[in-house]
Amino acid sequence: MTTADITRPEFDLPEPLLRIGGARVAAADGATYTSADPATGEVVAEIAAAGRADVDAAVHSAREQFEHGEWSRTSGAERGRALNRLAVLIEANAETLAALEAVEMGKLYRDSVNGDIPCAAEVFRHFAGWADKISGSTVSLPNFGPQNRFGYTVRQPLGVVAAITPWNNPALIAAWKLAPALAAGNTVVIKPAEDASLSTLRLAELAATAGIPDGVLNVVTGLGAVAGAALASHSGVDKVSFTGSAAVGQSIQSFAGTSFRKLVLELGGKAPQLIFDDADLDAAMPWIAMGNFYHQGQVCAAGTRVLAHESVVDRVVDGLVAAAENAVVGNPFDDRSTMGTIVNAKQLARVNGYIASGISEGAQLVCGGIREQETGFYAQPTVFRGTNDHTIARDEIFGPVATVISFRTTEEAIAIANDTKYGLNAMVYSQNISRVHSVVEKLRVGTVWVNGWGVPDPALPWGGRAGSGIGRELGRSGLDGDTEEKTVHIGFDGL
Ligand code: NAD
């Protein structure tokens with residue numbers, strides 16, 4: 001197929017500038033970075049690259065709005081109405097938002113327009129519903145000497161939240177951070193990833209149209225080591241919410257450690273999919289394959305350690321091979337494609353490096369492998385049979401590379417599943433409810449999907465353990481993480 005066969009929807013670019021206090025501005029030193037289409041190499045935009053001075057200005061603007069502006073003082077119901085208006089605008093602009101993601105980082109346009117973008121709207125809608133229901137508790141207390149006492153708690157916004165997001169689901173992960181923070185009355189400075197900044201800039205434009213006041217949502221596009229580091233270490237922020245790699249998460253934790261600010265780290269994963277002998281394989285196989293190949297495996301929750309009982313392992317391998325061989329790897333805007341591109345040359349080299357390591361370490365390559373290079377950063381869906389000791393089973397590859405590992409007993413499956421530095425999520429496939437419950441209980445992860453795989457739901461907490469991070473976002477826990485609980489003791493004289 002040629003690019004001439006492909007029809008892209010019409011879309012316009014947001015202004016590729018920083019958004020500080022409602023103004024669209026270039027970086028103070030004029031710096032920019034280039035965003036390029038990973039399918040064609042064409043330049044998409046030259047985007048303002050914030051430096052320390054720009055980050056400082058954005059944090060100052062967010063602080064000013066928080067301390068002296070209307071957002072934190074307006075009623076929760078009013079904030080909820082604004083977030084609902086934003087949800088409607090996101091839906092109305094779904095095609096543009098999805099096209100920006102496809103053109104910048106190679107996600108299938110179809111998956112973004114039908115998946116990420118409507119889900120992002122739902123996240124805003126969910127937290128809009130919470131905005132006027134943020135409450136504390138009341139507690140009756142024993143007398144203190146002659147004094148009667150009564151206690152209560154209130155939940156108040158934190159102040160300025162710094163949000164740093166990755167490139168793989170930019171609008172959706174921005175929504176995970178923005179929606180609860182804004183619902184609770186905080187102001188935000190967000191730094192999107194340099195490989196996918198434009199949908200976040202468009203989101204901020206839509207937020208302004210929705211009536212969210214200037215200074216509430218500030219965007220500092222820029223390089224991680226410059227703008228990201230300046231934001232994460234800024235003394236003027238009250239919380240850092242970071243989603244990205246474990247290596248960067250560790251450096252952010254070291255900044256936060258000296259400053260006592262709140263910190264959420266949503267890091268990588270290497271999730272096991274445990275497939276027992278009583279699984280309904282016909283129903284399970286599409287989920288198992290999707291957990292490996294959806295978005296070219298560039299998903300934190302990807303289930304690339306496929307642990308299959310020895311009695312079903314051959315069928316699981318066959319099912320994955322069929323899915324890999326039927327995949328149509330191609331331009332993200334082409335309706336025929338079922339997989340788009342890897343985000344950039346560096347990430348593709350990393351994926352191919354892991355495929356080479358699987359082969360050199362003696363894992364059995366069942367299908368796929370390193371793809372002949374052409375225009376565009378395309379990877380081949382690849383299936384190995386291996387062990388949990390192979391590097392391909394230990395490291396997060398962030399590419400479409402499955403390692404199938406056979407097990408004999410339930411205990412062995414649990415031991416392999418937990419033998420990892422990560423702890424984000426796991427999938428369990430079984431028709432036996434007792435087995436499901438006991439396996440779920442023993443898995444050291446933040447989330448378990450049973451008989452399926454999918455997107456975190458805004459109503460349920462999401463986050464990892466161990467090398468997958470600390471803290472939770474989404475759900476009630478996520479909202480609580482964007483507020484500070486204040487305890488009040490009232491002393492009063494009895495009648
Ligand atoms: P990354 O860590 O390279 O970058 C993430 C963000 O951090 C980007 O905005 C980047 O510019 C910024 N950054 C880079 N260096 C920085 C520094 N020194 N200080 C502050 N910020 C800095 O990650 P990525 O390649 O964009 O994303 C892929 C990773 O994200 C994978 O490991 C994936 O598993 C993880 N991820 C996790 C979740 C989750 O919910 N747990 C979701 C999506 C992605």
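Atoms within a ligand are numbered from 1 in the order they appear, just like the ligands themselves. Just so it is clear, the model here is predicted, and its values are computed rather than measured.
Set against the non-hydrogen atoms of Gly244, the atoms of ligand 1 under 4.0 Å away are 2 (O), 5 (C), 23 (O), 29 (C), 30 (O), 32 (O), 35 (C). Close approach to Trp462 involves these atoms of ligand 1, each under 4.0 Å from a residue heavy atom: 39 (C), 40 (O). Residue-ligand proximity, Ile252 to ligand 1, at heavy-atom distances under 4.0 Å covers atoms 20 (C). Taking every non-hydrogen atom of Ile173 and a distance limit under 4.0 Å, the qualifying atoms of ligand 1 come out as 42 (C), 43 (C). Distances below 4.0 Å separate heavy atoms of Asn168 from the following atoms of ligand 1: 43 (C), 44 (C). Ligand 1 places these atoms under 4.0 Å from at least one heavy atom of Leu424: 41 (N). The ligand atoms of ligand 1 that sit less than 4.0 angstrom from a heavy atom of Glu194 are 10 (C), 11 (O). Interface atoms of ligand 1 facing Gly268, defined by a heavy-atom separation under 4.0 Å, are 32 (O), 34 (O).
Applying the 6.0 Å contact sphere to CZ of Arg444 captures no more than 12 heavy atoms from other residues, nucleotides or ligands.
For the residue pair Asp111 and His295, no side-chain donor N or O sits within less than 3.5 Å of a side-chain acceptor on the partner. For the residue pair Ser61/Asn218, the side-chain donor-acceptor check at 3.5 Å is satisfied. Checking Gln296 against Thr341 by side-chain atom types alone, no donor-acceptor pair falls below 3.5 Å. Using modelled atom types and a 3.5 Å distance limit, the side chains of Ser337 and Tyr109 yield no donor-acceptor pair. With 3.5 Å as the limit, one finds no donor-acceptor pair spanning the side chains of Lys107 and Ser112.
A donor-acceptor pair is defined here as one N or O able to donate and one able to accept, closer than 3.5 Å; such a pair exists between the side chain of Lys191 and the backbone of Gly222.
Protein heavy atom closest to atom 6 (C) of ligand 1, with residue, atom name and distance, is Thr165 O, 3.4 Å. Among all protein heavy atoms, the one lying closest to atom 26 (O) of ligand 1 is Trp167 CD1, 3.0 Å. Summary of contacts: the protein heavy atom closest to atom 39 (C) of ligand 1 is Cys300 SG, 3.3 Å. Taking atom 2 (O) of ligand 1 as the reference point, the nearest protein heavy-atom neighbour is Ser245 OG, 2.6 Å.
Inside a 4.0 Å radius of atom 4 (O) of ligand 1 there is not any protein heavy atom.
Not counting sequence neighbours, the partners of Glu91 by the salt bridge (Lys or Arg N to Asp or Glu O under 4.0 Å) test are Arg125. Judged as a salt bridge (Lys or Arg N to Asp or Glu O under 4.0 Å), and not counting sequence neighbours, Asp54 has no contacts.
Counting heavy atoms closer than 4.0 Å to ligand 1, residue Pro192 contributes backbone atoms (N, CA, C, O) but none from C-beta onward. Counting heavy atoms under 4.0 Å from ligand 1, residue Gln298 does not touch it at all. Within the 4.0 Å heavy-atom criterion, both parts of Thr243, backbone and side chain, lie near ligand 1.
For Trp176, no nitrogen or oxygen atom sits less than 3.5 Å from a nitrogen or oxygen atom of ligand 1, counting backbone and side chain alike. Polar contact with ligand 1: present for Glu396 (N/O pair, distance under 3.5 Å).
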